2 protein chains.
Amino acid sequence: MASQNHGLVMENPTINEEIQNLIKKVLAHREFLLLIGNCWITYKGRASSQLEPGERLVVIKEDGSVLVHRPNGYEAVNWQPPGCIFRSRVEDGVLHITAIRRKPTESLSIYFNLIYLLSAMKLKDHGKFTLYASEEDMQKAILLYPSILEEGFKPISYEKKVEPGFIDVYGIDKEGKFVIVEIKRKAAGRDAVLQLSKYMQAVQSMVNREVRGILAAPDVTKGTQRLLATLGLSFKPLNPRKCAEILHKSQSLKLEDFF
Amino acid sequence: MASQNHGLVMENPTINEEIQNLIKKVLAHREFLLLIGNCWITYKGRASSQLEPGERLVVIKEDGSVLVHRPNGYEAVNWQPPGCIFRSRVEDGVLHITAIRRKPTESLSIYFNLIYLLSAMKLKDHGKFTLYASEEDMQKAILLYPSILEEGFKPISYEKKVEPGFIDVYGIDKEGKFVIVEIKRKAAGRDAVLQLSKYMQAVQSMVNREVRGILAAPDVTKGTQRLLATLGLSFKPLNPRKCAEILHKSQSLKLEDFF
DNA sequence: GAGTGGATTTCGCAT
DNA sequence: ATGCGAAGTCCACTC
């Protein structure tokens with residue numbers, strides 16, 4: 001059993017030429033690199049930013065993405081998406097790493113004058129990630145079990161382009177009326193209603209029969225209730241968790257098999 | 001000069017009761033905790049997710065936020081925002097950490113059966129962070145130097161509530177016409193135009209003079225050009241970087257000083 | 001506490 | 001490549 005990982009770990013290394021060569025090698029080999037220490041950062045690209053010195057965690061991943069994390073907060077204070085090219089050097093006891101990106105042209109410069117922890121290694125991760133209870137799950141649930149939306153609803157299709165955008169689901173109700181469904185995985189606000197309203201107008205101008213609009217979401221925000229009434233739209237409470245459960249029972253059906 | 005950080009670093013520790021006690025202490029003391037190793041993860045809350053075993057970096061910050069990073073990708077695969085409460089234990093050589101959150105009720109469970117690197121320390125970071133070239137910068141630039149929008153434009157106010165939402169900036173042009181400005185920090189799409197159009201309708205129904213709409217953005221997306229023309233709105237190219245520069249010259253003026 | 005809009009949003013999908 | 005909407009979005013601000 002391999003309980004040993006062949007990685008590199010250095011505590012409080014002196015920032016000198018040796019470290020420079022080490023960093024260059026690690027970046028060239030595209031290893032997972034982790035630095036904790038005192039650093040300052042400048043960013044220029046879509047926007048610009050400056051971060052005064054402080055103790056942070058910097059992570060450079062194998063795919064060329066960069067994260068700078070402060071000791072607090074969920075979000076990275078600075079970052080770069082995957083695909084960066086790196087330049088590094090040591091000068092006067094300061095490690096300077098620059099992450100460069102094209103399209104858009106951006107550069108993130110990180111300067112360390114103290115390193116508490118440096119670690120570099122190859123990480124293997126082929127584990128599968130599965131997410132349940134997304135808006136897509138709600139959509140699938142409605143398409144496979146239309147009665148959860150409304151008794152007698154017959155879906156026709158989904159993700160239908162109608163100029164202002166895409167209709168999540170549409171079909172026919174038990175009285176033969178056209179039904180447009182807008183799905184939200186959390187409490188729906190005015191924007192969702194306006195979106196639905198636009199789709200209805202677009203469809204109304206195309207088909208020659210009554211068009212209904214249904215907002216399917218776990219909840220609506222307060223003012224939205226009134227807006228719904230004003231526009232003559234209806235609201236169907238629908239829980240994403242519940243939809244995921246329904247799908248779980250009827251496993252791995254593909255929508256393409258039905259439509 | 002303090003080139004030494006009083007942190008804890010362990011390589012390939014055996015996962016036993018000692019580690020359990022250590023982790024409990026670190027979490028209780030709210031230290032910055034970093035774990036690299038083989039783990040699997042389950043999440044239940046607003047949605048649910050499952051991540052099969054693989055080698056990842058887990059960070060638990062002092063404020064109770066959690067990040068799980070795979071060896072690739074900019075985004076965390078699993079996470080929790082600040083404010084979590086933690087429970088931990090070791091069982092059969094597996095370290096189990098659960099991050100629990102109220103409102104919404106969520107739990108993130110992390111299981112390590114191999115730890116390559118464990119590090120815990122207190123990080124000090126009081127460095128100031130400054131970001132330039134936001135939409136707010138563009139707004140300020142227009143208000144302080146209205147001519148960058150249009151010669152003769154006189155701003156009246158900003159962030160004005162007009163029922164469908166907030167008007168970024170409004171004022172009077174050199175011919176005395178009402179002007180509504182919608183600002184976007186990047187290429188504006190249909191949504192921006194429709195937003196502006198709504199504001200115009202709302203204002204038109206209130207004031208008794210001609211109302212113009214100007215979309216201020218670095219660019220517009222392709223189809224949007226036509227929509228602008230159809231609705232009789234104009235487009236003013238405006239670069240967020242340039243706005244930031246302008247503001248940089250006239251430093252630290254507050255909008256409240258003018259309006 | 002709820003609602004609304006921005007973000008260096010990122011990501012994925014479809015045109 | 002571009003456009004468009006979702007996200008376990010998060011965050012900040014207003015009401």
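Below, chain A is the first sequence line, B the second, and so on; all start at residue 1. Source: prediction; values computed, not measured.
A straight line from CG of Leu51(A) to P of dT8(C) spans 14 Å, rounded to a whole angstrom. Look at NZ on Lys222(A): it is 13 Å from P on dG1(C), rounded to the nearest Å. Per the geometry, CD1 belonging to Ile183(B) stands 13 Å off C1' belonging to dG5(C), to the nearest Å. Atom pair Gln139(A):CD and dA7(D):C1' shows a separation of 15 Å (rounding to whole Å applied). Whole-Å rounding puts the Gln225(B) CD to dT2(D) P distance at 15 Å. Whole-Å rounding puts the Asp168(A) CG to dA6(D) P distance at 7 Å. Look at CD on Glu182(B): it is 10 Å from C1' on dG5(C), rounded to the nearest Å. Atom-to-atom, CG of Asp191(B) to C1' of dG5(C) comes out at 12 Å; the value is rounded to the nearest Å.
Comparing Lys184(B) and Thr221(A) against DNA chain C, the residue whose closest nucleotide sits nearer the 5' end is Thr221(A). Along DNA chain D, the nucleotide nearest to Tyr199(A) and the one nearest to Lys103(A) differ in position, and the one closer to the 5' end is contacted by Lys103(A).
Annotation: side chain to side chain donor-acceptor pair (under 3.5 Å) contacts involving residues 57-72 of chain B, sequence neighbours excluded, comprise Lys61(A)-His69(B), His69(A)-Lys61(B), Asp125(A)-Arg70(B), Asp63(B)-Ser65(B). Screening residues 211-233 of chain B for side chain to side chain donor-acceptor pair (under 3.5 Å) gives Glu150(B)-Arg212(B), Asp173(B)-Arg212(B), Thr221(B)-Thr224(B) as the qualifying pairs, with residues at least two apart or on separate chains.
If you run side-chain contact (heavy atoms from CB on, under 4.5 Å) between Val169(A) and each of Ile214(A), Ile183(A), Val179(A), only Ile183(A) comes through.
For the atom pair NZ of Lys198(B) and CD of Gln195(B), the computed distance is 8.0 Å after rounding to the nearest 0.5 Å.
Across dT8(C) and dT4(C), the matching P atoms stand 23 Å from one another, rounded to whole Å. For the C1' atoms, the distance from dG5(D) to dT9(D) is 13 Å, rounded to whole Å.
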Response to the item:
Counting primed atoms, P, OP1 and OP2 as sugar-phosphate and everything else as base, the B/S/- map of nucleotides 8-15 of chain D against protein heavy atoms under 4.0 Å is BSSS----

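A salt bridge is defined here as a Lys NZ or Arg NE, NH1 or NH2 lying under 4.0 Å from an Asp or Glu carboxylate O, and Lys44(B) with Glu106(B) fails to meet this definition.
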Worksheet item: Should Val59(B) and Leu33(B) be marked as a side chain to side chain contact (heavy atoms under 4.5 Å, CB included) after you check the CA-CA gap, both sets of side-chain angles, and the distance that decides it?
Response: CA-CA 6 Å; Val59(B) 178; Leu33(B) 171 63; over 6 Å; no

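No donor-acceptor pair under 3.5 Å is formed between the side chain of Gln50(A) and the backbone N or O of Tyr43(A).
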